[in-house]
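Step one of this worksheet: look at the structure below.
Being a predicted model, the structure only gives us computed values, none of them experimental.
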Amino acid sequence: MIPKYTEFKWKLEKIGRSGVFKTEKNSISIEYLQTTFNINDIHHIEPVRRKFNKEELDFELMLQRDLDDDRIKEELIPYLLRDGTLKFFPPILAVILKINPQGPEKIEKFYPVLKEHIVEDELKQAIFLEKKYGDLFSVRILKQNETLNRWYTELHLGNDASLLAIDGQHRLVALQVLMDRLPTNSVERQIYKDYIKDEYKQKFENIEVPVTIIYVPEIYEGNDVPINLLEIFRQIFVDVNKNARKVSKMRNILLNEADLLSIFTRKICSYFKKNSENDNNLLSIDVVEWEKIKLEDQITSDLAITNIIFIEDCLREFIPDDVGLKSNLNLYNIKDKLDENSDYNYEKLGLDHFSFNQKKEILDYFEEHFLKGFAYIFSSFPLAIEWNNKVKELKNSLKKSIEKNPQDDTLRNVYKVLFEGEEYQSLKKNKEIQNNLKGWLENLEEFSKDNFLNIIRTKMFQLAYIRFVLVILYPKSNKDFEEFCILFNKAVQDSNFINLWKEYFVNYKDLIEKGLKGKKTYSVANKKIEVLIEIFKFLFKEINQEKNLFKDFIDLSTLDVDKDKILNHFINEYEEKIKEVIDNDQIDKMVKDYKQKVKEFLKIDDTCE
């Protein structure tokens with residue numbers, strides 16, 4: 001006998017047409033429901049930032065909070081309010097997930113155990129296939145003559161189920177603003193207070209918003225699958241946006257599950273976030289820029305020493321291609337585990353070509369043997385930890401000031417601009433906040449100027465540094481990767497190294513800037529990177545001759561420095577630059593004087609020429 005169609009007390013029920021998206025025989029299937037939401041239930045769909053504070057999230061989830069409030073206010077809301085024009089938004093794409101704010105995993109990676117039943121309605125007029133995932137959600141599909149008729153599908157959501165928008169977040173918030181469906185007493189209501197009006201609410205109260213809800217039926221507790229819900233939905237986000245609107249480089253790195261360098265980059269940033277509080281030799285995530293759309297190849301954050309594009313590009317110096325992946329990460333050690341089948345064997349394995357199982361094996365191996373080392377090397381940029389400590393001091397000072405002055409909105413907004421993400425950058429337009437920011441950032445700006453951090457914060461410098469450390473020095477070492485990186489970090493953080501770096505590099509910043517900056521900027525040109533590498537060889541060799549900080553794991557005396565390459569490049573760059581602004585009669589003398597200063601910097605003795 002078929003059991004009756006019994007009702008659980010669900011918080012939301014939706015009817016629509018369902019479907020299955022599956023491209024390969026052995027691939028994971030995605031199921032979806034096409035339906036509509038109105039003014040009474042649109043609040044059930046939420047952007048991720050509404051669920052979590054930045055501090056609560058693992059790094060790999062932080063980007064999901066990213067919303068451009070300026071775009072919503074300046075483009076989408078005006079579009080909807082414009083009179084006399086046809087308006088339409090494509091469907092919002094939402095996923096079913098379970099949020100667990102108190103647990104170590106903020107978002108559950110698997111649905112509850114699946115139970116399937118054939119049920120009939122109370123009038124015994126229809127039969128349904130019911131897929132029930134505990135009390136989280138249930139899907140019922142009409143069944144006629146042993147065939148599933150997906151044109152009638154019911155979705156029932158429990159109290160613990162969340163609908164999170166992974167595409168259309170901006171459209172969603174714009175509609176929720178005008179429908180007055182933002183959460184009570186929320187920051188969002190403050191941001192959009194000028195648009196929350198009864199007249200707008202009445203204008204939009206009859207709209208039916210198209211929504212596609214997706215879930216992954218095979219990803220549940222107890223089912224042995226090599227992938228989880230977060231990995232799947234992150235990749236869907238990238239795929240959807242790649243085929244619609246161009247995804248920014250940063251967003252692609254933070255969400256891409258189909259490229260190992262992007263995943264390694266996220267792992268390194270996650271390591272920073274989890275471990276920097278208890279390890280003073282690691283960067284904190286506050287000094288890593290990761291969530292902007294414009295000028296991505298430059299650092300524009302007031303606090304950052306690096307950014308995720310720099311990190312991924314630096315990783316490519318050590319892992320340049322599929323061959324480098326296998327050789328430099330020593331993947332031959334797990335070849336048996338990676339030789340899965342003829343389609344995905346070890347020989348065909350690549351940075352963007354791998355199976356779910358191979359990805360898991362590679363990431364487990366990477367985390368065990370390379371992750372900590374990379375985190376330490378990216379924390380070893382000269383003076384980076386000093387900068388990091390000053391940012392920590394700034395953060396703690398701001399927190400204490402807010403505790404002492406709980407009613408001071410300006411202080412709280414300054415903290416949000418600096419430490420709580422891209423969505424608060426529009427607050428910078430407020431002049432009072434601008435003035436306060438200048439005061440709080442004054443010490444950082446002075447430190448940066450005094451210590452030539454403007455060059456350290458460039459992609460050019462960081463690419464050259466990583467190539468020097470990992471491609472030139474590491475192969476000369478007698479240590480394994482992790483031990484080498486930890487020892488190198490320790491040596492560079494030594495006060496003797498820092499003092500000598502300032503003496504040999506920072507004190508010559510004007511000379512170096514003239515020789516590397518060229519006409520306009522520190523452009524990322526391979527020639528400049530090669531010159532910088534020669535400078536690093538020279539500086540590290542000089543510093544080591546004085547203090548021998550690297551003796552336990554590498555012999556720097558064997559480094560062969562091409563001083564002529566540095567000298568010739570500096571002279572050419574300088575001469576080209578001054579030709580634009582100086583009369584010809586002065587050029588020869590200025591170039592001659594500059595050349596002499598470069599020789600003094602490089603300790604070139606004219607008598608030996």
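Contact of the F452 side chain with the F461 side chain is not registered, since no non-hydrogen atoms from C-beta on lie closer than 4.5 Å. For the pair I529/M460, a side-chain contact is recorded, criterion being any heavy-atom separation below 4.5 Å from C-beta on. Put simply, the side chain of I42 does not reach to within 4.5 Å of the side chain of I207, judged on heavy atoms.
For the pair D494 and K547, the salt-bridge criterion is not met [side-chain N within less than 4.0 Å of a carboxylate O].
If you take CZ on R171 and CG on L76, they are separated by 8.5 Å, rounding to the nearest 0.5 Å.
Side-chain N/O atoms of D279 and Y376 include a donor and acceptor closer than 3.5 Å. Side chain to side chain, E46 and S162 fail the donor-acceptor criterion of an N or O pair below 3.5 Å.
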One pair to check against salt bridge (Lys or Arg N to Asp or Glu O under 4.0 Å): E75 and R71. What are the steps and the verdict?
CA-CA 5 Å; E75 294 180 24; R71 182 183 163 221; 3.7 Å; yes
ring-ring contact (aromatic ring centres under 6.0 Å, His included) evaluation trace for F378 with F310
CA-CA 10 Å; F378 282 109; F310 293 10; over 10 Å; no
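Under a 3.5 Å cut-off, the side chain of N388 and the backbone N or O of A384 do not form any donor-acceptor pair. Under the 3.5 Å distance criterion, the side-chain polar atoms of W387 are matched with a main-chain donor or acceptor of L303.
Enclosure of atom NZ in K392 by more than 12 non-hydrogen atoms of other residues, nucleotides or ligands within 6.0 angstrom is indicated. More than 12 heavy atoms of other shown residues, nucleotides or ligands fall within 6.0 angstrom of atom CD in E386.
Screening residues 197-206 for side chain to side chain donor-acceptor pair (under 3.5 Å), with sequence neighbours left out, gives D83-K203. Legend: salt bridge (charged side-chain N to carboxylate O under 4.0 Å, His left out) pairs involving residues 437-449, not counting sequence neighbours: none detected.
A ring-ring contact (aromatic ring centres under 6.0 Å, His included) with F536 is found for exactly one of F468, F505, F381, Y504, namely F468.
Note on ring orientation: taking the six-membered ring where Trp is involved, the planes of F488 and Y465 are perpendicular (angle over 60°, cut-offs 30° and 60°).
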